[in-house]
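The structure under discussion appears below in the form of structure tokens.
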Amino acid sequence: MWPHINIDLGPAQGQLHLYGLMLGCGLITLFLGVDLAARRQGRDPEFIGRFHYCLLSAFLSGLLSALLFTKLIHGPDAPWGNMAAMPGILGGTAALAGVARWFKVPLRDWLPIALPFLCFAHAWGRLGCFLGGCCYGQPTDSILGVQFPADSLACAVHGQVPVHPTQLYELLFLVDLGATLYFVIPATHRLSVYLLAYGLGRFTIEYLRGDDRGSLSLIPSLSPSQHLCLLFIAAGTVLVLQQKRPA
């Protein structure tokens, strides 16, 4: 856990928050990755620029959606600033569809380019969670357990015991998924594979989480993120069935 870096500004002291820095690294990874991949495919530079505007709009909308949804599931007394990733993905996707329509960018052709780098960008965010000490796991006696500092959120809830580093579990999963999408999965199947794989992977990791994730009353035994995972899995299944349908 390393939430910030102190910066000496002479008479004043500043702080660089590493979670925000990791989000910035993720955004840079997404933009550079898409740009290089699109140019390698010989895409029109004008449309590359348009798609960058679409991605930026999706990123900003995703941040807002994550903030609002997290506030909703944690109650009106919860402080602003906490964010849940999956609502951000859904909100960002909705904005991406709307802005792409405005700029006349065919997402069917462009979204497969972005999906691997979206996974890598998301992985940067999970590293930020680990450094910030949020999204921690349940106590564990396994060799994978991580002992967070005494002033961490994990210790405040579970005491000074090792917990599952669920942030790092998801980071590794996202890097592997992004590499698989880029090097193995054909562009026409990337969206369905992403939806199914991420939905199933995140659904499983949620069972190891030990933080307060809020609540929804639809299926009380599942976390809010697991509810959204079911939407991912359902959407991925529908796409697979459509792709297998005879032309």
Exercise. Would you please classify the geometry between the His158 ring and the Tyr136 ring as parallel, tilted or perpendicular, with 30° and 60° separating the classes?
Key: perpendicular
Quiz item: Out of curiosity, does Val146 fall in the hydrophobic cluster containing Tyr207 (side-chain heavy atoms, cut-off under 4.5 Å, transitive links)?
Solution: no
Quiz prompt | Ser61 side chain vs Ser57 backbone, donor-acceptor pair below 3.5 Å | solution = no
Quiz item: Do Val99 and Phe47 sit in the same hydrophobic cluster, where Ile, Leu, Val, Met, Phe, Trp and Tyr count as joined when their side-chain heavy atoms come under 4.5 Å apart?
Solution: yes
Practice problem: Using the six-membered ring wherever Trp is involved, compare the ring planes of Phe173 and Tyr198 and label them parallel, tilted or perpendicular (cut-offs 30° and 60°). | Solution: parallel
Quiz item: Heavy-atom count around Asp141 CG within 6.0 Å, excluding the residue itself: above 12?
Solution: no
Quiz prompt | Check: Thr188 main-chain N/O paired with Gln243 side-chain donor or acceptor under 3.5 Å | solution = yes
Quiz item: Do Arg202 and Ser225 meet the criterion of a side-chain donor-acceptor pair at a distance under 3.5 Å?
Solution: yes
Quiz item: Is there a donor-acceptor contact under 3.5 Å from the side chain of Gln138 to the main chain of Gly210?
Solution: no
Quiz item: Does Leu181 offer a backbone N or O that forms a donor-acceptor pair with the side chain of Arg190 under 3.5 Å?
Solution: yes
Practice problem: Kindly work out whether a path of hydrophobic side-chain contacts (I/L/V/M/F/W/Y, heavy atoms less than 4.5 Å apart) joins Leu231 to Leu239. | Solution: yes
Quiz item: So Phe117 and Phe120, would you call those rings parallel, tilted or perpendicular, with 30° and 60° as cut-offs?
Solution: perpendicular
Practice problem: Quick one: list whatever passes side chain to side chain donor-acceptor pair (under 3.5 Å) with Gln41, sequence neighbours left out. | Solution: Arg43
Quiz item: Hey, is CZ on Phe103 packed in by over 12 heavy atoms from elsewhere, all under 6.0 Å?
Solution: yes
Practice problem: Please find out if less than 6.0 Å separates the ring center of Phe130 from that of Phe148. | Solution: yes
Practice problem: Any chance you could measure Thr237, atom OG1, to Leu196, atom CG, to the nearest 0.5 Å? | Solution: 5.0 Å
